[in-house]
Chemist: 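What follows is a single structure, and I will ask about it in a moment.
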Amino acid sequence: MSGAPGDALVRARKLTKRFGSFTAVDGIDFDVRPAEAFGFLGPNGAGKTSTMRMIACASPVTDGDLAVIGMNPASQAREIKARLGVVPQVDNLDTELTVRENLEMYARYFDIPGSVARSRADELLEFVQLAERAKDQVEPLSGGMKRRLTIARALINEPQLVILDEPTTGLDPQARHLLWDRLYRLKQRGATLIITTHYMDEAEQLCDRLVVMDKARIVAEGSPLELIERYATREVLELRFGDVKRASLDGQLQGLAERVEELPDRTLVYTDDGEAALDEVHRRNIPVQSALVRRASLEDVFLSLTGRSLVE
Amino acid sequence: MASPVAVATQGGLGRAWDVVWRARRLVERNVLVYRHQWIVILSGVAEPIFYLIGIGMGLGGLVRTVGLPDGRSISYTAYVAPALLATAAMNGAVFETIFNVFFKLNFRKTYDGILATPMGISEIAIGEMLWALMRASLYAVSMLVLMTALGLILSPWALLTLPVTLFVAATFSATGLAGTAFLRTVQDFDIPMGLIVMPMFLFSGTFFPISAYPIPIQVFMQATPLFHSISLIRGLTTGLMGLEQVWDFAYLVGFFSLAMVIAMRRMERKLIK
Amino acid sequence: MSAVPARARTGAVALSLRPATHLFHRNWLVYKRIWYRSLFFGFLQPFMFLAAMGLGVGALLARSNPTAFGPVGYIGFLGPGLLGATVMQTASFESTYPIMNKIMWGRNYEAILSSPLSTRNIVLGELGWIAFRIASIATIFLTVLVIFGIARSPLAVLAIPVAGLTGLGFASWLIAFASTQLNDIGFSWVYRFVINPLFLFSGTFFPLTQMPQAVQVFAWLTPLFHGVELLRGLILGSLDLGTAPWHLAYLLAFFGIGLLLADRSLARRLAS
């Protein structure tokens with residue numbers, strides 16, 4: 001573990017969550033430092049949301065230690081929640097209120113005075129580009145707009161720490177990019193973010209540091225670049241063979257690279273020089289239908305750590 | 001020096017008051033929602049009034065008088081009015097805490113968002129009860145005004161009617177909230193409405209003295225909170241105050257406490273995973 | 001192509017009745033999961049009302065005013081009135097929230113209209129369904145009335161179609177109304193200021209002669225009054241042949257107009 005325990009905004013030791021006999025989070029350790037964007041990367045069901053809910057004081061800790069902003073969620077939930085901003089996986093906006101009322105009413109739950117709430121609502125509606133929809137009902141908004149409103153709502157109390165659970169799941173690419181842009185600006189302002197995602201591009205874009213979770217445990221930790229360097233090669237050669245039985249290729253790819261990974265639809269060749277590997281494939285007369293050389297990503301890190309892909 | 005017990009009680013009361021004070025935010029929220037629909041709430045005043053006019057005038061003209069246990073005979077309208085007052089308090093409270101809370105709890109997921117703020121489950125539960133209480137007291141006050149105007153208040157005890165009716169409303173808000181957390185689908189509303197609220201409305205001495213029934217059935221009727229609410233409020237408006245009314249009050253205090261405990265526990269189990 | 005309009009004209013009724021059965025079938029598929037529950041409460045409600053109001057208030061009347069309701073007693077007066085009121089309530093519920101749900105929230109009609117079914121098929125299918133629901137409730141209710149010794153005349157069986165006609169009147173007007181509404185707030189108004197007052201002031205719980213003249217005139221204009229009068233005559237065997245045709249004519253006209261309105265209103269809503 002890195003960093004002195006004193007300066008961590010969130011500190012977990014042997015953190016565990018069980019639902020009956022099912023263990024959702026199995027004794028994980030991590031530290032989130034101030035002003036960093038910290039990510040939890042992993043497939044659905046890895047235990048990311050349970051971890052987030054424990055940090056947000058929405059779900060009691062079963063075992064282990066958890067300190068959020070130096071406080072204990074079991075006894076100081078109210079104090080912690082006052083300094084937290086939460087963007088849950090599924091939007092839970094107040095559908096009986098308008099866009100603007102959602103922000104102002106939320107501010108009231110934090111005991112923020114009306115005049116302050118109004119000016120913050122103005123500012124935040126501007127920030128998430130919803131100023132024109134201020135008077136509209138929530139229900140007819142698009143998924144991306146609802147998401148942005150939820151983010152604005154999470155910022156109404158000027159939180160020290162913002163928790164985002166799968167912030168862009170279910171959004172179209174354009175809405176995702178707009179959201180990333182807003183989150184990036186938030187980071188620039190010095191906010192501390194915790195983000196869960198099962199999209200490796202999202203983790204790469206937003207996270208300074210991340211942990212990879214699989215089956216309730218943390219399997220690796222580091223910056224996106226560090227993880228790629230540690231668990232993957234610089235480049236990856238993706239090969240597709242069409243109808244040719246891959247079994248018949250057995251052994252033909254040997255010695256091509258340091259590692260070869262077989263997926264149901266393609267074969268990944270891990271190497272520091274993709275072009276060179278591809279030339280070698282052609283030289284050996286292997287019947288390739290298509291080939292692609294790309295940079296290694298967190299997807300490859302996950303694959304190498306667990307033998308499975310992130311999004312199934 | 002205060003005794004440790006007194007300090008503990010004081011601390012407990014102080015904390016309880018903090019919760020009630022913070023719970024006002026939920027009342028604020030409901031006011032905001034109903035700001036454009038206040039007329040829907042206001043029009044609910046009409047309901048008990050229709051019943052008082054219909055049953056009072058329509059049946060009252062035929063039934064004429066009802067004999068009280070103390071030997072007096074009072075008009076049927078004066079007999080039914082306090083029962084309709086108690087029923088109005090019950091309906092106002094139960095409608096909010098059963099129907100509206102159910103939708104916020106299960107479909108709108110309103111509380112999940114609120115729980116991410118310093119508001120806790122107790123604040124939400126108390127806030128919803130306060131709001132239901134406000135709604136019920138609107139109906140109760142308008143009924144009381146009408147009863148006074150129609151000369152249906154027969155005793156100075158009636159000065160206590162308003163606080164007692166509010167307590168009745170509080171009891172049913174807590175009961176409604178305790179029940180809501182058990183419901184799973186919209187079809188489940190049949191159970192509290194058809195099996196509890198409706199039979200209570202009919203068999204709690206609302207429209208006739210329960211002495212019309214055999215003793216075993218009477219015992220069953222006397223177990224319901226509405227029976228005691230009606231007996232107490234009727235005692236106040238007709239001046240029929242006795243030991244029975246003291247017991248009614250004690251029963252309601254007990255029922256209210258039990259309902260509060262169940263409501264809090266069920267809401268916690270429903271909202272914390 | 002002249003054959004198409006000709007065929008449409010002559011076959012109009014048949015065309016809209018047969019596809020309408022599909023809608024009936026759809027509602028049945030939903031209902032059959034909860035039918036036992038619905039029948040149980042259909043039985044429980046009149047049973048409790050009669051046991052409470054009929055017997056309890058009846059006991060009060062027996063003491064203070066024993067001749068007020070003649071030989072049938074208060075319970076005899078109340079029973080048929082309550083049947084009419086229950087029919088109105090069931091029909092009203094079935095033609096408000098579920099219809100709005102299928103127009104807006106669940107958008108079932110949108111899906112149905114992309115099949116060969118038309119809005120007219122939908123109106124007739126829904127009304128057929130409501131008629132079935134009312135008939136089943138009226139049958140249970142009549143059984144309760146027999147248990148209480150209230151239904152004495154064999155003509156009481158005719159109460160089932162009369163109940164159906166009364167209910168369809170309410171259902172058709174309310175489907176027309178529901179088709180014009182953008183949210184369910186309007187329904188609270190209808191319940192509060194139409195359905196609930198009718199429940200109390202249509203000669204259900206007490207004879208209208210107890211009310212001032214103005215209220216009586218108003219009640220005569222409402223469909224529930226006419227339905228209750230017919231039901232009471234049929235069930236108690238005291239049908240007044242002089243007024244019965246008028247009551248029946250009123251109910252038929254009320255339903256007829258409602259049908260036209262519902263057809264037009266739903267077509268307009270779903271076309272937009």
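Note on naming: letters A, B, ... go to the chains in the order of the sequence lines (proteins, then strands), and numbering restarts at 1 for each one.
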Chemist: Measure B:I210 against the heavy atoms of chain C and call it side chain, backbone, both or neither at under 4.5 Å.
Modeler: neither
Chemist: Under 4.5 Å heavy-atom distance to chain B, tell me which part of C:M53 shows up: side chain, backbone, both or neither.
Modeler: both
Chemist: Do B:F207 and C:L60 have side chains that get closer than 4.5 Å, going by heavy atoms?
Modeler: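 No - every pair of side-chain heavy atoms lies 4.5 Å or more apart.
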Chemist: Tell me, for C:F69 versus chain B, whether the close heavy atoms (under 4.5 Å) come from the side chain, the backbone, both or neither.
Modeler: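 Contact with chain B is through the side chain of C:F69 alone.
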Chemist: Mind listing the closest non-hydrogen atom pair of C:P212 and B:M57 along with its distance?
Modeler: CD-CE, 4.2 Å
Chemist: Report the option among C:A59, C:P197, C:G58 that has the most heavy-atom pairs separated by less than 4.5 Å from atoms of chain B.
Modeler: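 Ranked by contacts with chain B, first place is C:P197.
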Chemist: Decide if atom CZ of B:R184 counts as having more than 12 heavy atoms of other residues, nucleotides or ligands within a radius under 6.0 Å.
Modeler: no
Chemist: Does B:R72 CZ have over 12 foreign heavy atoms under 6.0 Å away?
Modeler: yes
Chemist: Heavy-atom pairs under 4.5 Å with chain B - which of C:S188, C:P207, C:A51, C:A52 has more of them than the others?
Modeler: C:A52
Chemist: Please classify the contact between C:R37 and chain B as side chain, backbone, both or neither, with a heavy-atom cut-off of under 4.5 Å.
Modeler: side chain
Chemist: Between B:S43 and C:R192, what is the shortest heavy-atom contact and its length?
Modeler: OG-NH1, 3.0 Å
Chemist: How many angstroms lie between CG in B:L59 and OH in C:Y74, if you round to the nearest 0.5 Å?
Modeler: 4.0 Å
Chemist: Heavy-atom distance under 4.5 Å between the side chains of C:F40 and B:L195, does that happen here?
Modeler: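 Sidechains of B:L195 and C:F40: in contact.
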Chemist: Please determine, among B:A46, B:P209, B:A212, B:P199, the option with the most heavy-atom pairs under 4.5 Å with chain C.
Modeler: B:P199
Chemist: Near B:F220 CZ, under 6.0 Å, is it more than 12 heavy atoms from other residues, nucleotides or ligands?
Modeler: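 No, because the 6.0 Å sphere around CZ of B:F220 holds 12 heavy atoms or fewer from other groups.
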Chemist: Check the surroundings of atom CZ in C:F47: do more than 12 heavy atoms from other residues, nucleotides or ligands lie under 6.0 Å from it?
Modeler: no
Chemist: Out of curiosity, B:F208 CZ to C:L61 CG, how far, rounded to the nearest 0.5 Å?
Modeler: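 With rounding to 0.5 Å, CZ (B:F208) is 12.0 Å from CG (C:L61).
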Chemist: For residues 44-67 of chain B, pull every pair meeting side chain to side chain donor-acceptor pair (under 3.5 Å), keeping only residues two or more places apart or in separate chains.
Modeler: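 Applying side chain to side chain donor-acceptor pair (under 3.5 Å) to every pair that reaches into residues 44-67 of chain B, excluding sequence neighbours, yields B:E47-C:N196.
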Chemist: Counting heavy-atom pairs under 4.5 Å to chain B, which of C:F41, C:F193, C:F201 comes out on top?
Modeler: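 Ranked by heavy-atom pairs under 4.5 Å with chain B, first place is C:F41.
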Chemist: Does atom CZ (C:F218) have a neighbourhood of more than 12 heavy atoms from anything else shown, all under 6.0 Å?
Modeler: no
Chemist: With a 4.5 Å cut-off on side-chain heavy atoms, are B:F50 and C:F199 touching?
Modeler: no
Chemist: Chain B: which of C:T209, C:V215, C:V57 shares the most heavy-atom pairs with it under 4.5 Å?
Modeler: C:V57
Chemist: So which atom in B:I39 and which in C:W189 form the shortest heavy-atom distance, rounded to 0.1 Å?
Modeler: CG2-CZ2, 3.2 Å
Chemist: Check B:M198 against C:F49 and note the closest heavy-atom contact, atom names and distance.
Modeler: SD-CE1, 3.6 Å
